[in-house]
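Right, one structure below, let's go through it.
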Amino acid sequence: MVRVRFAPSPTGPLHMGGVRTALFNYLFARKHQGTMILRIEDTDQGRFVPGAEEYIMESLEWCGIQIDEGIREGGKSEPYRQSDRKEIYKQYADQLLENGWAYYSFDSAEDLDAIRKDYESRKETFSYDTQTRTSLRNSLTLPADEVNRLLNSGVNYVVRFRMPENHEIVMQDIIRGEVRVNTSTIDDKVLFKSDGMPTYHLANVVDDHLMEISHVIRGEEWLPSLPLHVMLYKAFGWTDTMPQFAHLPLILKPSGNGKLSKRDGDKLGFPVFPINWNNQETNEIYSGYREAGYFNDAFVNILALLGWNDGTDKEIYSMDELIQAFSLERVGKSGSRFDPEKAKWFNHQYMLLKSDEEIAEEFIKNHKVPAFAGMTGALVTQAEAGARLAVNESGTKAKGSRFRGNDSVTAVTGFEWERVVKIISLVKERAEFVKDIWSQAWFFFEAPTTYDETTIKKRWTPEIPSILKDISALLLPLSPPVIPAKAGPGLRRGDKCSCHSREGGNLLAAEYETLIKGHITSHNLNMGNVMNILRLCLVGSSVGPGVFDIMALLGPAEVIARIDRAVQTIG
RNA sequence: GGCCCGUUCGUCUAGGGGUUAGGACGUCAGAUUUUCAUUCUGGUAGCAGGGGUUCGAUUCCCCUACGGGCUACCA
């Protein structure tokens, strides 16, 4: 029975390395139909940061990492917050004290600091270990009655692990294989602090045992304390149920030195956090992948491939595919530098993978944009549009107009929705993020008012106005006599006017192409020049999707209006 | 400093005693196009160094170098 835990400390936001650790735990749990536990390790009361717990849970939720047992979910090993388990640890410390695996230490933090300084001045490093403990104030050196007197006097003390001397510990790590360490190189770690709280080491081992954790999957920064933990299992007599260990390689900064850390914040030019973190003390906001515009599934995909691969060339994985393919054995040994460029590429791939409708929803949610050139109002989501339309259908205020100016309620019909979807289909391949789409597609929603000087200089020859006039004349018969807002006889609210009958409400792009290209050819005009000029009129510059696609979406009336305006403005 | 872990293109990585060392991002070039992108095709670039073991090492072992982690009454 696989039981794994993600055990963050609520000392601030989770960074992407932490999220990856959570992800690997989750993938492993799901792969083996096991249980995913979220345990909050808040034994350092001094470093507790308000809001951190909520942040952690929200982050995991956004990533689609589901928790089976935790502070919010409950479970058979409750409670899941270590500060709520405080009473449990004392008895285990006592157990070690009784069987001789631990001892009381009365040296104050100040005393030890002074000793450390002294060692440093001699360019040595102090370590509370088998060598030095014989000359320090602890229950190993002090007479029994003195120890009792001190304990009863209420003086501060800690409980330390009594590390045996010159004993070879052989450990197995799923990722690293066999690791050997001699106990003589390890110090006597504090297990129980003077404030009555356990340290990470004690709480971690006790809880993993009590919660019947089968696999401890955590960052490599914990590898140096694995020998201690293994010795603790031995000291408690829990060797036969000791979990298996897997120490994940670290995520490194893209450039420079060191592992990625919370303090990197936004300094690196990309987020290090999954979602925005609002530092309440400094009032600073650190950006997260969610708010930076990353899709949650793309973010998970990026993280999964940082230090793991399934041995194939496959790079795009859904969560289900990750669960299927995941194994700890295929996690690499070496740390990986995070590459923000590739992260963007991943997001672009997900953009392409998602349906136009899905992106349109997201786009509308993020951008309250004007509905259509010449028509005031706001785009709303499909659901909202449906609701509003229903209000209009039954309400008395519906005046037969689909767009009601600056009224508080703006009905948007399916026609507008379809138009946005169509626009998305044209521009999504040009965008890495949904937030890029507006800059790629704004001209579908508002007419340009300025025109790119370089293009004018290059292509706006004296005969251009008359050429454009001819093209306008060509399109005029296609233009409806009235715009939908002033629907004439036979055109009622909700109707689509004839010119909007196809392709999201217009002539097909191909039909414009036939028409205009035919005109250009028959009049011996310069194709490149005319096309670029048309684009300039419609978009204001020389970028964007195909001119005929743009025309098809704008409709003849709007195309003519934009041409007129450009001629008027540029002259 | 001590202890531990690691090292394949700039980056993420596959591979593994005999391979033209494979893929992806980036980058460069070409193609397509009415523009900008996208897309497609192609190019660029790598086994840290030195010793072994071996008929043969990038692959196994050792050393060195480099990188990383830990070295708190923090996790």
Side-chain angles (χ1 to χ4, degrees), chain A residues 7-11 41-44 46-47 82 105 107-109 112-113 116 120 123-128 156-160 173 175-176 179-182 184-187 189-201 203-204 218-227 247 249-250 252 254-255 257-259 302 305-316 330 332-346 348 352 427-431 440 452 455 459 513 516-517 520 526-536 539 541-548:
Chain A
S9 160
T11 54
E41 309 221 326
D42 58 346
T43 52
D44 186 357
R47 291 208 309 157
Q82 287 185 331
S105 166
D107 315 278
S108 72
L112 292 176
D113 278 348
R116 279 198 190 90
E120 269 171 41
K123 293 201 189 292
E124 285 172 41
T125 309
F126 170 74
S127 161
Y128 205 120
N156 277 350
Y157 67 87
V158 299
V159 176
R160 284 181 185 273
D173 184 277
I175 293 168
R176 273 147 230 290
V179 179
R180 290 167 176 270
V181 175
N182 190 295
S184 295
T185 65
I186 309 172
D187 60 345
K189 280 273 180 278
V190 172
L191 299 178
F192 203 79
K193 299 185 273 190
S194 58
D195 65 358
M197 278 293 218
T199 58
Y200 169 85
H201 305 292
N204 192 263
R218 75 229 298 192
E220 193 186 1
E221 70 266 30
W222 292 111
L223 196 52
S225 47
L226 180 58
H247 288 88
L250 268 13
L252 277 16
S255 57
N257 303 326
K259 65 167 178 172
I302 292 162
L305 256 47
L306 227 43
W308 171 86
N309 72 85
D310 73 351
T312 70
D313 287 343
K314 187 174 166 69
E315 292 203 279
I316 304 297
R330 288 205 61 87
K333 291 179 171 66
S334 50
S336 31
R337 288 179 190 275
F338 176 68
D339 181 0
E341 287 305 314
K342 190 154 187 178
K344 289 180 193 163
W345 175 82
F346 267 108
H348 179 66
L352 265 26
V427 302
K428 74 169 180 180
E429 65 185 25
R430 320 163 72 87
Q440 298 285 347
D452 179 58
T455 313
R459 301 191 186 272
E513 183 164 2
I516 291 172
K517 277 194 172 169
I520 290 171
N526 180 308
M527 178 76 74
N529 209 44
V530 174
M531 292 303 297
N532 278 295
I533 284 295
L534 279 174
R535 175 183 299 282
L536 184 71
V539 178
S541 66
S542 58
V543 295
V547 166
F548 302 119

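Chain letters run A, B, ... following the sequence lines, proteins first, then strands; residues in each count from 1.
- For the pair A/L226 CG and B/G69 P, the interatomic distance rounds to 19 Å; values are reported in whole Å.
- For the 3.5 Å distance criterion, the side chains of A/S194 and A/Y157 fail to qualify, holding no donor opposite an acceptor.
- Residues meeting the salt bridge (charged side-chain N to carboxylate O under 4.0 Å, His left out) test with A/D44, sequence neighbours left out: A/R47.
- Not a single salt bridge (charged side-chain N to carboxylate O under 4.0 Å, His left out) links A/D310 to another residue, sequence neighbours left out.
- Rounded to a whole angstrom, the distance from the C1' atom of B/G51 to that of B/A65 is 14 Å.
- Across B/G15 and B/U71, the matching P atoms stand 33 Å from one another, rounded to whole Å.
- By the salt bridge (charged side-chain N to carboxylate O under 4.0 Å, His left out) test, A/K517 is found to be paired with A/E513, residues two or more places apart in sequence or in another chain being considered.
- In this structure, A/P227 reaches neither bases nor backbone, as no heavy-atom distance under 4.0 Å exists between it and the strands shown.
- A pairwise comparison of heavy atoms in A/S105 and A/R160 identifies OG-NE, 3.5 Å as the closest pair.
- With a cut-off of 3.5 Å on both pairing distances, the Watson-Crick or G-U wobble partner of B/C25 is B/G10.
- Contact annotation for A/V179: backbone-only contact, meaning every heavy-atom pair under 4.0 Å involves sugar-phosphate atoms and none involves a base.
- Across all strands shown, B/C3 forms a Watson-Crick or G-U wobble pair, both distances under 3.5 Å, with B/G69.
- Across all strands shown, B/U38 forms no Watson-Crick or G-U wobble pair with both distances under 3.5 Å.
- The only option from A/P224, A/S225, A/S127, A/P227 that meets the side-chain contact (heavy atoms from CB on, under 4.5 Å) definition with A/I186 turns out to be A/P227.
- Nearest-nucleotide assignment on RNA chain B puts the 5′-proximal partner with A/W308, out of A/W308 and A/F548.
- The minimum heavy-atom distance linking A/Q440 with A/V427 is given by the pair O-CG1, 3.8 Å.
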Nucleotides 70-75 of chain B: protein proximity per nucleotide (B base, S sugar-phosphate only, - neither; heavy atom, under 4.0 Å):
S--BBB
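- Remark: A/N532 is not in phosphate contact with B/U34, judged by side-chain N or O atoms under 4.0 Å from OP1 or OP2.
- B/U20 is unpaired under the criterion used here, namely a Watson-Crick or G-U wobble arrangement in which both key atom distances are under 3.5 Å.
- Per the geometry, CZ belonging to A/R535 stands 10 Å off C1' belonging to B/A37, to the nearest Å.
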Test side chain to side chain contact (heavy atoms under 4.5 Å, CB included) applied to A/T199 and A/K189, step by step
CA-CA 9 Å; A/T199 58; A/K189 280 273 180 278; over 6 Å; no
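- The gap from the P atom of B/G52 to that of B/A57 amounts to 11 Å, rounded to the nearest Å.
- Using a 30° and 60° split on the angle between ring planes, A/Y200 and A/W222 fall in the parallel class, below 30°.
- The shortest side-chain heavy-atom distance between A/P340 and A/P254 falls under the 4.5 Å cut-off.
- Here the straight-line distance linking atom NZ of A/K259 with atom CZ of A/R337 works out to 15.5 Å at 0.5 Å rounding.
- Comparing B/U39 with B/U33, their C1' atoms sit 11 Å apart, to the nearest whole Å.
- With B/U35, B/G6, B/C4 as the candidates, the nucleotide lying closest to the side chain of A/V181 is B/C4.
- Only the P atoms considered, B/U53 is 16 Å distant from B/C61, to the nearest whole Å.
- Distance, A/K333 NZ to B/U7 P: 7 Å, rounded to whole Å.
- Side-chain atoms of A/R337 stay outside donor-acceptor range of the base of B/U11, with no qualifying N/O pair under 3.5 Å.
- Spacing between atom CG of A/L250 and atom P of B/U7 amounts to 14 Å, rounded to whole angstrom units.
- Remark: C1' of B/U11 and CZ of A/F346 are 12 Å apart, rounded to the nearest angstrom.
- Spacing of C1' atoms, B/U58 relative to B/U20, comes out at 15 Å, to the nearest Å.
- Rounded to a whole Å, the CG atom of A/N309 is 7 Å from the C1' atom of B/A14.
- Backbone-only contact: A/G307 has heavy atoms under 4.0 Å from sugar-phosphate atoms and none from a base.
- Checking A/R176 against A/H247 by side-chain atom types alone, no donor-acceptor pair falls below 3.5 Å.
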Name the pairs: protein N/O against N/O of nucleotides 46-48 of chain B, kept only if under 3.5 Å.
none

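- OP1 or OP2 of B/G15 sits under 4.0 Å from a side-chain N or O of A/R330.
- When the P atom is used for both B/U44 and B/U38, the distance is 22 Å, rounded to whole Å.
- If you take CD of A/E220 and P of B/U7, they are 10 Å apart, rounded to a whole angstrom.
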Using a 4.0 Å cut-off on protein heavy atoms (strictly under), produce a 5'-to-3' string for nucleotides 21-32 of chain B with B for base contact, S for backbone-only sugar-phosphate contact, and - for none.
--SBB-------
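- Rounded to whole Å, the distance from CG on A/D452 to C1' on B/U35 is 11 Å.
- In terms of heavy-atom proximity, A/D452 sits nearest to A/L536 at N-CD1, 3.7 Å.
- Atom name P, nucleotides B/A75 and B/G68: the rounded distance is 25 Å, in whole Å.
- Residues A/K342 and A/E315 are paired through a salt bridge, judged by an N-O separation under 4.0 Å between the basic side chain and the carboxylate.
- Both A/F338 and A/I175 sit near RNA chain B, but only A/I175 has its closest nucleotide nearer the 5' end.
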